[in-house]
Amino acid sequence: MARLMIPTRENAPDDSKPMLDMVRQTMGFVPRVVMLLSMSPAVLKAFLGTQSALSATLDVKTRHAVALAVSQANDCSYCKALHSFVSTSVGKNDPEEAALNLQGSSFNPKTAVAANFAKRLTEMRGKVKDDDLDAVRKAGFSEAQIVEIVAFSSQVLMTNFMNNVACTEIDVPAAA
């Protein structure tokens with residue numbers, strides 16, 4: 001049971017409603033995590049702005065892998081389920097790829113390095129080792145892309161924390 005009262009669209013703050021409508025138009029539904037964030041229009045706006053800006057950086061398969069690795073490292077059941085669902089349904093990844101991503105890996109060697117780096121970043125609270133950075137560089141990621149992996153991981157971390165605090169009920173098929 002959720003520990004925070006997650007609003008419906010009807011009882012969300014008026015300033016959040018246009019953003020909720022935009023999410024529904026884009027995704028076809030509004031994930032419960034977005035409804036949770038809508039309690040604060042400022043938080044929802046910040047989240048959607050960051051999400052929009054970062055969607056133009058790393059490729060989509062890398063973003064899915066990073067999201068799953070970070071969500072697993074934070075043991076966020078909601079985010080593991082949502083990102084697995086989006087990865088396999090929208091991103092057309094195989095369920096086996098999503099399972100590898102949860103472990104900080106991938107069938108694609110470069111994606112595996114990014115997922116592992118995001119996992120280590122989360123586990124080490126950002127205090128990664130030089131070897132971790134060297135591995136990402138050797139895989140072909142630029143300095144800017146390393147910053148983008150950190151930023152995207154941080155965005156996922158925020159929703160992991162929100163959902164872990166709220167005990168958000170899963171509204172998509174659960175991760176295997």
Side-chain angles (χ1 to χ4, degrees), residues 19 22-23 25-28 31 33-34 36-37 40 42-165 172 175-176:
M19 293 181 280
M22 181 189 70
V23 170
Q25 184 177 10
T26 302
M27 293 188 71
V33 63
V34 176
L36 170 64
L37 299 175
S40 169
V43 170
L44 182 57
K45 183 178 180 180
F47 171 77
L48 293 175
T50 302
Q51 184 178 50
S52 176
L54 293 177
S55 71
T57 59
L58 304 165
D59 68 271
V60 68
K61 291 192 183 289
T62 300
R63 290 194 315 270
H64 287 308
V66 166
L68 285 164
V70 171
S71 296
Q72 177 71 22
N74 284 310
D75 193 26
C76 181
S77 298
Y78 183 89
C79 290
K80 289 188 289 187
L82 180 65
H83 290 296
S84 291
F85 173 76
V86 172
S87 174
T88 56
S89 64
V90 178
K92 306 293 186 217
N93 278 330
D94 295 330
E96 295 82 12
E97 176 68 13
L100 281 173
N101 296 165
L102 284 165
Q103 301 310 312
S105 190
S106 172
F107 287 118
N108 178 295
K110 186 173 181 178
T111 304
V113 171
N116 186 62
F117 180 72
K119 177 180 178 247
R120 295 277 301 144
L121 178 72
T122 305
E123 293 168 345
M124 302 300 294
R125 297 184 179 111
K127 297 178 182 176
V128 294
K129 306 286 185 208
D130 289 343
D131 290 347
D132 297 317
L133 283 169
D134 289 343
V136 178
R137 288 181 183 115
K138 286 179 186 168
F141 288 96
S142 68
E143 300 293 302
Q145 289 172 316
I146 293 170
V147 170
E148 292 163 358
I149 293 169
V150 174
F152 188 73
S153 297
S154 298
Q155 180 196 6
V156 174
L157 178 75
M158 182 184 85
T159 58
N160 289 171
F161 280 14
M162 292 286 185
N163 287 305
N164 283 343
V165 166
V172 295

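Everything numeric here is computed off the predicted structure, so don't read it as measured data.
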In short, Ser153 meets Val66 closest at the heavy-atom pair OG-CG1, 3.4 Å

Residues Ala69 and Ala115: closest non-hydrogen pair is CB-O, 3.4 Å

Heavy-atom nearest pair, Ala73 first then Glu123, reads CB-CG, 4.3 Å

Between the CG atom in Leu36 and the CZ atom in Phe47, the distance rounded to the nearest 0.5 Å is 10.5 Å

Separation between CG (Leu100) and CG (Asn108), nearest 0.5 Å, reads 11.0 Å

Check: Run the side chain to side chain contact (heavy atoms under 4.5 Å, CB included) check on Val70 and Phe152 step by step: do they pass?
Finding: CA-CA 10 Å; Val70 171; Phe152 188 73; over 6 Å; no

For Ser87, the side chain to side chain donor-acceptor pair (under 3.5 Å) test, sequence neighbours excluded, returns Asn93

- Query: Could you go step by step and tell me if Leu68 and Gln103 meet the side chain to side chain contact (heavy atoms under 4.5 Å, CB included) rule?
  - Reply: CA-CA 8 Å; Leu68 285 164; Gln103 301 310 312; over 6 Å; no

Sorted by chain and number, sequence neighbours left out, side chain to side chain donor-acceptor pair (under 3.5 Å) with Asn160 holds for Ser71, Asn74

Taking every heavy atom of Lys92 against every heavy atom of Ser89, the minimum-distance pair comes out as NZ-O, 3.1 Å

Quiz prompt | Asp134, CG atom: more than 12 neighbouring heavy atoms under 6.0 Å | solution = yes

Asn164 and Ser77 have their tightest heavy-atom pair at OD1-N, 4.5 Å

Step by step, work out the side chain to side chain contact (heavy atoms under 4.5 Å, CB included) result for Leu48 and Met22. CA-CA 10 Å; Leu48 293 175; Met22 181 189 70; 3.9 Å; yes

Q) How about Glu97 and Ser106: does a side-chain donor come under 3.5 Å of a side-chain acceptor? A) yes

Side-chain (Asp94) to main-chain (Ala98) donor-acceptor, under 3.5 angstrom = no

By side chain to side chain contact (heavy atoms under 4.5 Å, CB included), Ala139 pairs with (sequence neighbours left out) Lys110, Val113, Phe141

d(Tyr78 OH, Thr159 OG1) to nearest 0.5 Å is 9.5 Å

Residues His64 and Val86: closest non-hydrogen pair is CE1-CG1, 3.5 Å

In this structure, CG of Leu102 is separated from NE2 of His83 (nearest 0.5 Å) by 10.5 Å

Rounding to 0.5 Å, atoms CG (Asp132) and CG (Asn116) come to a distance of 7.0 Å

- Query: Quick one: does Arg63's side chain have a donor or acceptor within less than 3.5 Å of a partner on Ser55's backbone?
  - Reply: yes

Please evaluate residues Met19 and Lys45 with respect to the criterion side chain to side chain contact (heavy atoms under 4.5 Å, CB included), reporting the C-alpha separation (whole Å), side-chain torsions for both, the decisive distance (0.1 Å), and the verdict. CA-CA 8 Å; Met19 293 181 280; Lys45 183 178 180 180; 3.8 Å; yes

Whether Asp59 side chain and Lys61 backbone form a donor-acceptor pair below 3.5 Å:
yes

With side chains defined as the heavy atoms from C-beta onward, is the minimum distance between Val156 and Cys76 less than 4.5 Å?
no

OG1 (Thr50) and CE (Met158) are apart, to the nearest 0.5 Å, by 7.0 Å

